[in-house]
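To start, the structure under review is shown below, and the notes come after it.
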Amino acid sequence: MTDAAIYETPTTREVRLQDGAGTLRLGALVYAGIAIVVLLLAATAGIRVIPNLFDLLRGILLARYTGAADTALALVFLMTLVNVSAFLILMVGVTARELWALPALWLLVGLNVAALALLGYTPSLVAIVIAAWAGVQLGRDMRAFRVNPVMLKELRGRMRGVRAFLVLSVYLGLMSSFSMLLYLIYNSLTRASGSAAAGEVGRVLFMGVVGIELLLIIFIAPAFTAGAITGERERQTYDLLRTTLLASPTFVIGKLESALGYILLLLLAGIPLQSLAFIFGGVSEIELILSFVILMVTAVALGTVGIYFSALLQRTLSASVRSYTVIVATMFIGPFVTSIVIDFIIRLLFESGSPLVSPLLETILRYANLLVTSANPITAALNTQALLIERQAVGFWSFTLSSDGSTIPMISPWVLYTIIYLVVSALLVVLAVRRTHQTEF
Amino acid sequence: MYSEQTARVELQPMVDLIIETRDLVKKFGKFTAVDGLSLEVPVGSIYGFVGPNGAGKTTTMRMLTTLTRPTSGEAWVAGHSVTDEPRAVRRSIGYMPDEFGVYDDMRVWEYLDFFAACYDIPENERKRLIVDLLELVDLSHRRDDMVDKLSRGMKQRLSLARTLAHDPAVLILDEPASGLDPRARVEIRELLVELARMGKTIFFSTHILADVSEICTHIGIIEEGQIIAQGSMDAMRSQMQPHREITVTVRDADAAEVVRSLVTPIEGVVSTADLEPKGGRHRVRIDYIGDDDGVASINRALTAANIAVLGFVEETRDLEAMFMRVTKGIVS
Ligand SMILES: Nc1ncnc2c1ncn2[C@@H]1O[C@H](COP(=O)(O)OP(=O)(O)O)[C@@H](O)[C@H]1O
Ligand SMILES: [Mg+2]
């Protein structure tokens with residue numbers, strides 16, 4: 001941070017929090033290292049220069065897993081990434097002195113113990129040691145953790161009086177009428193064409209509601225957060241905050257939490273509407289849960305992009321413009337264009353039945369396709385749903401290569417989507433905190 | 001840091017200063033807003049930081065409150081360096097900027113609660129604290145009102161209460177009385193005196209001299225980023241005192257002539273002048289440098305010469321005149 005930190009004599013509590021956060025950062029770094037190593041090993045194993053490397057690695061890293069050896073390695077990779085993002089988020093949470101930080105820390109320990117016991121995920125030993133150590137360090141001063149004052153202030157303001165009630169009512173009203181409309185349109189269409197499968201109606205309703213919610217999140221999440229810091233600057237309240245002892249992580253996290261809290265409320269309020277689809281059938285509970293996860297991760301990702309630019313720039317307007325530009329370019333247009341290109345190449349190569357394509361090239365193309373599909377919430381959601389319906393696959397599934405008929409492990413896009421954006425969000429929050437921490441020169 | 005601090009203590013072992021700056025400079029590009037400022041604010045003082053608009057008062061205060069980094073020079077607040085120990089400085093100050101926003105979607109008590117939480121005051125202590133603070137600034141009856149419904153004077157008092165949330169040693173207030181109506185100004189002034197009595201040092205800026213003369217124990221005058229006079233009010237007054245203006249009123253022109261010829265030879269009399277007769281009476285103005293005894297002896301000399309003196313008045317030099325004299329020629 002700034003050079004000031006070198007001179008300042010911190011309180012015992014500050015030292016303890018710094019130490020705890022330092023330990024957690026170490027955890028994130030260690031797991032980032034492990035993830036890279038695992039990725040390299042997987043690549044080595046994939047080109048099959050060393051025979052039985054997959055089996056060997058499964059034996060070491062995920063001994064209790066009974067599925068295919070290559071799937072095991074993919075699983076190890078993902079669990080490692082989950083640990084990276086978990087450590088990053090906890091680090092930020094600890095520096096912000098969030099109430100949830102300590103329980104979440106022990107939850108991480110518990111999950112890693114479970115992964116070790118059930119799957120034999122040996123890398124979790126590192127997480128257990130590091131997280132438990134941080135937990136012990138921080139547990140000595142439980143009172144350091146408290147309700148985030150910024151979040152409390154923001155929520156108080158946002159939830160006050162008729163405004164919040166009106167917003168919620170209008171939102172639900174619009175959603176209900178939209179669902180109604182969808183239902184009527186769909187009904188009349190199917191009646192005209194003959195058969196009307198109730199399941200189809202349910203699915204259309206469900207997708208309609210999720211679609212609207214996604215749209216809503218895309219619009220409001222960056223809007224809420226892009227003004228979070230610039231708004232304080234513009235209202236001339238920022239200087240007051242900066243002369244208090246409020247730490248920048250607390251400020252940034254508080255703003256993010258209040259925005260996300262509001263979005264969470266909207267999403268929860270929308271669940272009954274989504275559940276209407278159950279009446280018609282055709283939608284499973286797992287779809288409901290996964291859609292919720294994707295929506296919430298989208299909100300987190302978009303919210304942190306907004307926060308980041310709010311910390312970086314001086315004006316709310318420019319922060320909003322930059323946030324939307326970056327979001328549209330990197331989360332929508334970029335992945336969309338790339339996926340069309342990749343799709344085109346794949347089709348060109350395989351549908352002509354060309355025997356010249358090597359399985360390696362195809363593997364790379366398929367994974368690249370998975371990656372870009374998972375970078376975009378819309379394709380991620382649609383592909384996740386398609387997988388659920390066609391293959392009943394929630395997580396892993398095997399993809400049969402067209403080139404030589406062998407299989408590679410594939411994963412449902414929502415998993416990758418969640419992990420990618422949680423890591424990106426955590427990094428953006430760290431950057432935003434750094435930016436707010438710097439004093440004006 | 002420690003070596004610097006001990007060095008400072010050795011240099012000035014006797015004065016107990018809560019704010020001290022040494023050759024403080026702040027440049028914005030080529031423009032020098034604060035130009036080698038050395039301030040000394042003693043513990044427990046009410047220090048008026050006076051200067052015209054654009055003199056660099058706000059910039060100085062922003063450096064003292066760790067909001068802006070000095071270009072060069074050093075500053076300490078409560079013994080902590082503003083550049084090296086910003087958190088320690090923040091712990092010991094309560095700051096009220098010249099222009100500040102209040103959140104429009106908060107109640108009065110929530111506003112204080114929020115800032116108290118920002119100062120890490122535990123929740124169970126905050127309730128009691130808010131009651132006390134509101135009582136102090138006389139806003140108890142507005143506890144549940146929305147902040148943006150308060151009048152400007154009330155907002156200012158609320159803001160003052162906010163600066164007190166963490167019981168800081170020194171309050172840094174930027175133009176606390178500007179934009180207030182006379183009544184609200186008096187209230188703020190009384191509040192400052194009350195706070196000083198509670199042991200707080202108050203360092204406030206103003207471009208209105210009346211604020212200073214009424215309540216300040218110390219004063220520093222800043223012009224174009226430089227301190228041009230600084231010290232206790234008493235010292236400042238007596239520094240100005242030697243130069244006096246005495247107006248003597250007599251019945252007619254002859255008497256006035258006698259007075260002039262009589263006092264001119266007296267040591268310390270710089271000049272004399274006839275003023276416009278007023279109400280048929282003639283007046284003589286005597287410019288005199290000397291102490292109270294000297295003034296008394298002039299009076300005695302006139303009486304001894306049997307002149308019918310109708311009035312013998314020494315013009316009181318108010319701060320305004322002092323200010324004008326000190327800043328004369330520096331700024332138009
Ligand atoms: N951020 C800034 N950038 C450029 N110039 C500034 C800035 N802040 C203040 N100034 C200039 O510095 C001078 C001193 O300003 P200020 O400290 O606000 O004076 P005061 O508070 O005494 O009225 C003014 O001429 C002002 O225009
Ligand atoms: Mg000013």
Side-chain angles (χ1 to χ4, degrees), chain A residues 1-11 13-15 17-18 96-97 99 141-164 231-248 250-251 254 258 437-441, chain B residues 1-2 4-5 26 28 58 61-71 80-107 110-111 113-123 126 146-147 159 162-163 165-166 168 172 174:
Chain A
M1 315 261 166
T2 58
D3 51 347
I6 304 166
Y7 297 94
E8 193 108 35
T9 357
T11 60
R13 172 175 287 176
E14 283 167 352
V15 171
L17 287 168
Q18 270 170 22
R97 304 171 50 192
L99 263 186
D141 186 11
M142 302 286 264
R143 298 188 53 171
F145 298 93
R146 59 182 178 11
V147 177
N148 189 312
V150 178
M151 180 202 66
L152 194 63
K153 169 206 141 221
E154 296 281 308
L155 279 186
R156 265 177 190 158
R158 198 165 277 154
M159 292 301 162
R160 167 143 20 242
V162 281
R163 198 177 55 183
E232 299 267 353
R233 286 202 187 101
E234 283 161 357
R235 275 188 297 177
Q236 295 183 307
T237 46
Y238 192 50
D239 282 348
L240 292 184
L241 290 181
R242 289 209 302 147
T243 53
T244 67
L245 296 176
L246 187 71
S248 36
T250 309
F251 178 59
S258 68
H437 189 79
Q438 284 157 6
T439 37
E440 167 197 331
F441 282 86
Chain B
M1 166 196 111
Y2 291 107
E4 270 169 15
Q5 269 198 334
K26 179 68 189 181
F28 295 109
T58 299
M61 288 183 153
R62 287 178 61 85
M63 288 190 278
L64 291 176
T65 50
T66 74
L67 289 171
T68 305
R69 263 182 177 261
T71 310
H80 302 288
S81 157
V82 295
T83 47
D84 296 342
E85 306 162 274
R87 279 180 76 78
V89 170
R90 288 171 194 185
R91 230 182 285 273
S92 39
I93 58 169
Y95 171 54
M96 183 158 96
D98 51 351
E99 279 173 20
F100 59 92
V102 288
Y103 300 103
D104 50 8
D105 46 12
M106 280 181 124
R107 297 184 192 286
E110 289 171 346
Y111 184 77
D113 187 64
F114 170 58
F115 279 98
C118 288
Y119 280 110
D120 217 5
I121 295 163
E123 198 176 350
R126 295 209 288 266
M146 299 305 281
V147 169
S159 183
R162 187 207 74 231
T163 64
H166 56 304
I172 298 183
D174 200 352

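Lettering follows sequence order; numbering is per chain, from 1.
- Residues satisfying the ring-ring contact (aromatic ring centres under 6.0 Å, His included) test with B:Tyr119, not counting sequence neighbours, are B:His166.
- Looking only at heavy-atom pairs under 4.5 Å with chain B, the residue among A:Leu241, A:Leu246, A:Thr250, A:Thr237 that has the most is A:Thr237.
- Between chain A and the residues B:Thr163, B:Asp113, B:Asp120, B:Thr65, the most heavy-atom pairs under 4.5 angstrom are made by B:Asp120.
- Contact of A:Glu234 with chain B is not made at all, since no heavy-atom distance falls under 4.5 Å.
- Contact of the A:Leu245 side chain with the B:Arg87 side chain is registered, since non-hydrogen atoms from C-beta on lie closer than 4.5 Å.
- Annotation: cation-pi pair B:Arg162/B:Phe115 present, NZ/CZ under 6.0 Å from the ring centroid and within 45° of its normal.
- Every residue two or more places apart in sequence or in another chain was checked for a ring-ring contact (aromatic ring centres under 6.0 Å, His included) with B:Tyr95, and none qualifies.
- Looking at B:Val147 and B:Asp104, their side chains never come closer than 4.5 Å, going by heavy atoms from C-beta outward.
- Within the 4.5 Å cutoff, side-chain heavy atoms of A:Ser258 are placed close to those of A:Arg158.
- Interface remark: B:Pro122 contributes side-chain atoms only to the contact with chain A (heavy atom separation under 4.5 Å).
- The pair A:Glu14-B:Arg91 meets the salt-bridge criterion, since a charged nitrogen lies less than 4.0 angstrom from a carboxylate oxygen.
- Under a 4.0 Å N-O distance rule, the pair B:Arg90/B:Glu85 does not qualify as a salt bridge.
- Contact annotation for A:Arg235: both backbone and side-chain heavy atoms come within less than 4.5 Å of a heavy atom of chain B.
- Contact annotation for B:Arg107: both backbone and side-chain heavy atoms come within less than 4.5 Å of a heavy atom of chain A.
- Under the side-chain contact (heavy atoms from CB on, under 4.5 Å) criterion, A:Asp141 pairs with A:Arg13, A:Arg16, A:Arg143, A:Ala144, sequence neighbours left out.
- Heavy atoms closer than 4.5 Å to chain A are found nowhere in B:Met63, neither backbone nor side chain.
- The interface of residues 148-156 of chain A with chain B, defined by heavy-atom distances below 4.5 Å, comprises A:Pro149, A:Val150, A:Lys153, A:Arg156.
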